[in-house]
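We number each residue from 1, following the sequence as shown. Just so you know, these numbers come straight off a predicted model, no measurement behind them.
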Amino acid sequence: MKGRKQSWVSKIFLLLTFPYLVTVFVNGPEAVSVNKTTDMENILPIILSEQISPEYQIETIEAQAVIARSNLMRKLQEQADTGSILCEICNNIKQNGWVWKIPEECYETAVKNTQGQILTVEGELRLVPYHEISAGETRDGEEAFHDSQYAYLKSVDSSADKDAAEYLSSTYVSEQQLPKELAISSRDKRGYVQSLMADDNILEGTAFASGMGIASPAFSIQKLDDRIRFLSKGKGHGLGFSQYGGDVLAKEGKTWQEILHIYFPLMEIETEDFDYI
């Protein structure tokens, strides 16, 4: 999409959402009146731009748009107020350098092509996770969360992820920054670390990987002189939608609907008429 002229829809979108986002950034979420509404479909392109690269196929971005819409609507259903949601969007932008820009046209196209489409479980909105690259299979939700309410997230094959340039990565940490005794105590069936023993403490695998800057909780530990090497497979927590794997399917001719059915076989695609927050 680089070099393409942005549409007037993009400019209108920025004008519509900019006042809300700036108000939240400067004055906090409480500054947004509960009586004010803004079109959710206009907000989604900027949310989408924080979640997935414009270099992916449009079908992959469309699949991500449905995921983004589903998660946003779930937050609203859980009674999160408008200001809090906009504040979260602002925080994501600030973490990426606080650069205001008009979203790429592909994000608007993806939102428009999937308007109103959401993922549900027996008619209910649930968490729809995503990540960049799996370790070859996505994780089982019930196993990862130790909770049967996430049984709708089934492990699926995503072996195409193994061909990704960033499939393998290494993170080096000084021994002095780590506990004296650090060992993996359990993994799930897909190879993701569930827990570690750190001296006398038990650490959760995904939280540890995130805190240490390790690309994925599917890692091994190697001692190298005075450093520890964490060799990881994939990028992200491994639950739900693999963007890289989905993009391979898109290149093979799969539609966004087919891609989502592959990664979420127990979820349904529905149309929800819910345009405003």
Q: Could you go through Glu142 and Lys154, starting from their C-alpha distance and side-chain angles, then the distance that decides it, and tell me whether this counts as salt bridge (charged side-chain N to carboxylate O under 4.0 Å, His left out)?
A: CA-CA 8 Å; Glu142 183 173 3; Lys154 290 298 182 184; 5.3 Å; no
Q: Using a 3.5 Å distance criterion without hydrogens, assess whether the side chain of Asp199 forms a donor-acceptor pair with backbone atoms of Asn201.
A: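 It does not hold such a pair.
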Q: With side-chain hydrogen bond (donor to acceptor under 3.5 Å, both in side chains) as the test, would you mind laying out the steps for Gln64 and Gln243 before giving the verdict?
A: CA-CA 8 Å; Gln64 186 67 38; Gln243 294 176 339; 3.0 Å; yes
Q: Taking the side chain as C-beta and beyond, is there a heavy-atom pair between Ile52 and Glu132 under 4.5 Å?
A: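 Result no, sub-4.5 Å side-chain heavy-atom pair not found.
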Q: How about Thr120 and Glu270: does a side-chain donor come under 3.5 Å of a side-chain acceptor?
A: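 A donor-acceptor contact under 3.5 Å links the two side chains.
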Q: Does Ser216 reach the side chain of Lys233, with side-chain heavy atoms less than 4.5 Å apart?
A: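 Counting from C-beta outward, Ser216 and Lys233 never come under 4.5 Å.
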Q: Do the charged groups of Lys223 and Glu175 touch, with an N to O distance under 4.0 Å?
A: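 Glu175 and Lys223: salt-bridged.
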Q: Minimum heavy-atom separation for Arg69 and Gln117, please, with both atom names.
A: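 Heavy atoms only, the tightest pair is NH1-O, 2.9 Å.
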Q: What distance do Ser169 atom OG and Leu231 atom CG have between them, rounded to the nearest 0.5 Å?
A: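 Nearest 0.5 Å value for the OG-CG distance: 7.5 Å.
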Q: Verify, without hydrogens or angle tests, whether Glu204 (side chain) and Thr206 (backbone) share a donor-acceptor contact under 3.5 angstrom.
A: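 Pair found, side chain donor or acceptor close to backbone of Thr206.
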Q: Would you name the heavy atoms of Gly213 and Thr171 that are closest together and state the gap between them?
A: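 Closest heavy-atom pair between Gly213 and Thr171: O-OG1, 3.6 Å.
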Q: Judged by modelled atom types alone, do Thr255 and Gln257 share a side-chain donor-acceptor pair under 3.5 Å?
A: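 Yes, side-chain donor-acceptor contact under 3.5 Å.
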Q: Quick one: does Thr138's side chain get under 4.5 Å of Tyr130's, heavy atoms only?
A: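 Answer no - side chains too far apart.
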Q: Using a 3.5 Å distance criterion without hydrogens, assess whether the side chain of Arg139 forms a donor-acceptor pair with backbone atoms of His237.
A: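 Yes: the side chain of Arg139 pairs with the backbone of His237.
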Q: Donor-acceptor check, side chain of Thr271 to backbone of Gly116, threshold 3.5 angstrom: yes or no?
A: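 It does not hold such a pair.
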Q: Side chains of Ile46 and Ser49, heavy atoms from C-beta outward: is any pair under 4.5 Å?
A: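 Result yes, sub-4.5 Å side-chain heavy-atom pair found.
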Q: Where do Ala135 and Tyr167 come nearest, in terms of heavy atoms and distance?
A: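 Of all heavy-atom pairs spanning Ala135 and Tyr167, the closest is O-OH, 3.0 Å.
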Q: Show your working on side-chain contact (heavy atoms from CB on, under 4.5 Å) between Gln194 and Ser186 and close with a plain yes or no.
A: CA-CA 5 Å; Gln194 290 187 303; Ser186 67; 3.5 Å; yes
Q: Taking everything shown except Leu224 itself, do over 12 heavy atoms lie less than 6.0 Å from its CG?
A: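 Enclosed.
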Q: How many angstroms lie between CD in Glu258 and CG in Leu249, if you round to the nearest 0.5 Å?
A: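 With rounding to 0.5 Å, CD (Glu258) is 9.0 Å from CG (Leu249).
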Q: Ignoring hydrogens and geometry, is there a side-chain-to-backbone donor-acceptor pair from Asp161 to Ser134 under 3.5 Å?
A: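 Between the backbone of Ser134 and the side chain of Asp161 there is a qualifying donor-acceptor contact (under 3.5 Å).
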Q: Out of curiosity, Leu44 CG to Gln115 CD, how far, rounded to the nearest 0.5 Å?
A: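 Reported to 0.5 Å precision, the distance equals 10.0 Å.
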Q: When rounded to the nearest 0.5 angstrom, what distance separates CG in Asp157 from CD in Glu137?
A: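 Those atoms lie 6.5 Å apart.
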Q: Starting at CD1 of Ile259, measure out to CD of Glu59 and round the result to the nearest 0.5 Å.
A: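 Ile259 atom CD1 to Glu59 atom CD measures 6.5 Å (nearest 0.5 Å).
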Q: Would Glu41 and Lys112 pass as an ion pair if we require N to O under 4.0 Å?
A: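 Here Glu41 does not pair with Lys112 in a salt bridge, since their nearest N and O are not under 4.0 Å apart.
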Q: Tell me whether Val66 is reachable from Leu48 by hopping between hydrophobic residues (I, L, V, M, F, W, Y) whose side-chain heavy atoms are closer than 4.5 Å.
A: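 No; tracing contacts between hydrophobic side chains, which count when under 4.5 Å, never links both residues.
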Q: Look at the aromatic rings of Phe264 and Phe241 and report parallel, tilted or perpendicular, splitting at 30° and 60°.
A: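 Geometry flag for Phe241 against Phe264: tilted rings.
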Q: Can you give me the closest heavy-atom contact between Ser53 and Ile61, atom names plus distance?
A: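 Closest approach of Ser53 to Ile61, heavy atoms only: O-CD1, 3.9 Å.
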Q: Checking Arg229 against Ser170: is there a side-chain donor and acceptor pair closer than 3.5 Å?
A: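 Side chains of Ser170 and Arg229: pair found under 3.5 Å.
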Q: Please tell me if the side chains of Ile133 and Glu166 come closer than 4.5 Å, counting only heavy atoms from C-beta onward.
A: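 SC-SC contact between Ile133 and Glu166 confirmed.
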Q: Mind checking whether Leu196 and Ile221 have side chains closer than 4.5 Å, heavy atoms only?
A: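 Yes, their side chains come closer than 4.5 Å.
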Q: Are a donor atom and an acceptor atom from the side chains of Asn113 and Glu62 found within less than 3.5 Å of each other?
A: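 The answer is yes; a qualifying pair exists.
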Q: Does any part of the side chain of Ser195, heavy atoms only, come nearer than 4.5 Å to the side chain of Leu203, both counted from C-beta?
A: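 They are not in contact (no side-chain heavy atoms under 4.5 Å apart), so the answer is no.
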Q: Do Leu119 and Glu268 have side-chain heavy atoms sitting under 4.5 Å apart?
A: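 In short, these two side chains do not touch, never coming nearer than 4.5 Å.
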Q: Any idea which heavy atoms bring Arg74 and Arg126 closest together, and the distance?
A: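 Between these two residues, the closest heavy atoms are CD-C, 3.3 Å.
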Q: Would you say the rings of Phe208 and Phe230 are close, in the sense that their centroids are separated by under 6.0 Å?
A: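 That pair passes the under 6.0 Å test.
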Q: Would you confirm whether Asp140, through its side chain, and Glu143, through its main-chain N or O, come within 3.5 Å as a donor-acceptor pair?
A: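 Present.
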Q: Compare every heavy atom of Gly234 with every heavy atom of Ala215, then report the nearest pair and how far apart it is.
A: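 Residues Ala215 and Gly234, closest heavy atoms: CB-O, 3.8 Å.
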Q: Let me see the working for Asp247 and Thr60 under side-chain hydrogen bond (donor to acceptor under 3.5 Å, both in side chains), right down to the final yes or no.
A: CA-CA 5 Å; Asp247 203 53; Thr60 313; 2.7 Å; yes
Q: Rounded at 0.5 Å granularity, tell me how far OH in Tyr172 sits from CD in Gln177.
A: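 Atom-to-atom, Tyr172:OH and Gln177:CD are 15.0 Å apart.
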Q: Does any donor atom in the side chain of Tyr244 or Ser158 lie under 3.5 Å from an acceptor atom in the other side chain?
A: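 No pair is found: no donor N or O on one side chain lies under 3.5 Å from an acceptor on the other.
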